[in-house]
Colleague: 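First the structure, which I've put down as structure tokens, then a few questions once you've had a look.
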Amino acid sequence: MFPFLKHRSRSVHGDDALSSPEPIVAVTTTVETGDACTTLTVWRKSLLVSCEGFTVIDSNGDLIYRVDNYARTRPEELILMDKDGNSVLLMHRTKKITLVDSWGIYEAKDTSGEARVPKSPIWYMRKNLKMNILSTKSNILAYVFSVPFDKKNSYVIKGSYRCKSCKIMHVPSNRTVAEIKRKEARTKGVRFGSDVFDLVVSPDFDTGLAMALVLLLDQMFSK
């Protein structure tokens, strides 16, 4: 469907050099697993002209996920959909008055074409408070944990989203389960902008959840 964005699947130990004139926060740890990972191409553009959003394709150029956001300002809700427009995950900004940007991630239930939001989130993502302090040298962007809280299901996101160079790490094992990387073009002399990048996901980590975290990083660090 999108042949110009096709990307060959890689072994998790394959390294892609980042070529960009912009300063890059180094992410040296690759996704750590013995099997082949899933590489998705993320395009920060909705397929609908009247919307902002994302289009996500696999290594064959087929549509996998999509996001169509009609609210062009600060949205309170985001919906990750599959290729057919069915809701996969819903993300709601927390209503509490706080200096820290935080979101609940809900499992979406489609009922008669409409997404029904459960009472409790299944995941929670909170921006690192220190990222709001300009002098901080911390490279931790956000914290992710399951609801109810279980230390075994806790993650941190490190790096730089603006430079499209960051990783999602499982805290107990200190293992990288997903990475965001700048996309390299196969054709010499062709370069993708920052709105097109790769999301490399370990086989034991859900691609839908990984993409949901990308959406929330975009809300937290692209404004």
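Not measured: the values here are computed from a predicted model.
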Colleague: What distance separates L78 CG from L89 CG, expressed to the nearest 0.5 Å?
Modeller: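 Answer for the CG-CG pair, L78 versus L89, is 11.5 Å.
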Colleague: For M91 versus I105, what's the shortest heavy-atom pair and its separation?
Modeller: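 Minimum heavy-atom separation between M91 and I105: CG-CG1, 3.9 Å.
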Colleague: For the CH2 atom of W103 and the CD atom of E77, what is their distance to the nearest 0.5 Å?
Modeller: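 That separation rounds to 8.5 Å.
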Colleague: Search all heavy atoms of F205 against all heavy atoms of L209 and return the closest pair with its distance.
Modeller: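 Closest approach of F205 to L209, heavy atoms only: CZ-CD2, 3.7 Å.
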Colleague: Any chance you could measure R126, atom CZ, to Y143, atom OH, to the nearest 0.5 Å?
Modeller: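 Output value for this atom pair is 6.5 Å.
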Colleague: When the ring planes of H92 and Y106 are compared, do they come out parallel, tilted or perpendicular, using 30° and 60° as the limits?
Modeller: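 H92 and Y106: perpendicular rings.
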Colleague: Does some side-chain heavy atom of Y155 sit less than 4.5 Å from a side-chain heavy atom of L213?
Modeller: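 The answer is no; the side chains never approach within 4.5 Å.
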Colleague: Nearest 0.5 Å please: distance from the SG atom of C37 over to the CG atom of D204.
Modeller: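 C37 atom SG to D204 atom CG measures 11.0 Å (nearest 0.5 Å).
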Colleague: If every non-hydrogen atom of S202 is compared with every non-hydrogen atom of R175, which pair is closest and at what distance?
Modeller: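 Closest pair (atom of S202, atom of R175, distance): OG-NH1, 3.8 Å.
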Colleague: Would you say the side chain of V88 lies within less than 4.5 Å of the side chain of M211, judging by non-hydrogen atoms?
Modeller: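 Sidechains of V88 and M211: no contact.
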Colleague: Restricting to non-hydrogen atoms, name the atom on K127 and the atom on V100 that form the minimum distance, rounded to 0.1 Å.
Modeller: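 Reported closest heavy-atom pair: O-CG1, 2.9 Å.
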Colleague: Looking at side-chain heavy atoms only, is the closest gap between I180 and C166 below 4.5 Å?
Modeller: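 I180 reaches C166 side chain to side chain.
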Colleague: Are the side chains of M125 and M220 in touch, meaning some heavy atoms are under 4.5 Å apart?
Modeller: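 They are in side-chain contact.
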Colleague: Counting N and O atoms only, with roles assigned by atom type, does the side chain of S146 sit under 3.5 Å from a partner on the main chain of P148, one being a donor and the other an acceptor?
Modeller: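 At least one qualifying donor-acceptor pair exists.
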Colleague: Can you tell whether the side chains of K167 and E179 come within less than 4.0 Å, N to carboxylate O?
Modeller: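 No, this pair does not count.
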Colleague: Between CD1 of I57 and NZ of K83, what distance do you get to the nearest 0.5 Å?
Modeller: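 Rounded to the nearest 0.5 Å, the CD1-NZ separation comes to 13.5 Å.
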Colleague: Of the non-hydrogen atoms in F197 and S194, which two are nearest, and what is the gap between them?
Modeller: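 So the two residues come closest at CD2-O, 3.7 Å.
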Colleague: Could you work out, with side chain to side chain donor-acceptor pair (under 3.5 Å) as the rule, every residue matching D82, not counting sequence neighbours?
Modeller: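 Once residues adjacent in sequence are excluded, the partners of D82 under the side chain to side chain donor-acceptor pair (under 3.5 Å) criterion are N86.
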Colleague: Just so I know, are the side chains of V200 and T38 near enough to count as touching, which here means a heavy-atom distance under 4.5 Å?
Modeller: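 No, side chains not in contact.
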Colleague: Under 4.0 Å between a side-chain nitrogen and a carboxylate oxygen: does that hold for D101 and R93?
Modeller: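 Judged by the 4.0 Å cut-off on N to carboxylate O distance, D101 and R93 do form a salt bridge.
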Colleague: Kindly write out the residues that satisfy side chain to side chain contact (heavy atoms under 4.5 Å, CB included) with D195, not counting sequence neighbours, or none if the list is empty.
Modeller: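 Here the qualifying residues are R44.
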Colleague: Which residue pairs pass the salt bridge (Lys or Arg N to Asp or Glu O under 4.0 Å) test when at least one of the two sits in residues 139-153, sequence neighbours left out?
Modeller: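 Every pair satisfying salt bridge (Lys or Arg N to Asp or Glu O under 4.0 Å) with a residue in residues 139-153: there are none.
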Colleague: Using side chain to side chain contact (heavy atoms under 4.5 Å, CB included) as the criterion, list what pairs up with F145, not counting sequence neighbours.
Modeller: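 With sequence neighbours excluded, F145 shows a side chain to side chain contact (heavy atoms under 4.5 Å, CB included) to Y124, F149, S154, given in chain and number order.
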Colleague: Please report the shortest heavy-atom distance between I140 and N128, naming the atom on each side.
Modeller: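 Taking every non-hydrogen atom into account, O-ND2, 2.9 Å.
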Colleague: Y65: what forms a side chain to side chain donor-acceptor pair (under 3.5 Å) with it, not counting sequence neighbours?
Modeller: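 Residues passing side chain to side chain donor-acceptor pair (under 3.5 Å) with Y65: T207.
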Colleague: Quick one: OG on S160 to CG on N139, what's the gap to the nearest 0.5 Å?
Modeller: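 Spacing of OG (S160) from CG (N139) equals 10.0 Å.
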Colleague: Quick one: does any side-chain atom of R182 pair with a main-chain N or O of S165 as donor and acceptor, under 3.5 Å?
Modeller: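 The answer is no, because no donor-acceptor pair under 3.5 Å joins these two groups.
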Colleague: If the test is side chain to side chain contact (heavy atoms under 4.5 Å, CB included), which one of L47, I64, D68 qualifies with T55?
Modeller: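 That would be L47; it is the only one of L47, I64, D68 passing the side chain to side chain contact (heavy atoms under 4.5 Å, CB included) with T55.
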Colleague: Could you work out, with side chain to side chain contact (heavy atoms under 4.5 Å, CB included) as the rule, every residue matching V67, not counting sequence neighbours?
Modeller: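 Partners of V67 under the side chain to side chain contact (heavy atoms under 4.5 Å, CB included) test: F54, L80, L215.
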Colleague: With side chains defined as the heavy atoms from C-beta onward, is the minimum distance between V144 and I168 less than 4.5 Å?
Modeller: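 Sidechains of I168 and V144: no contact.
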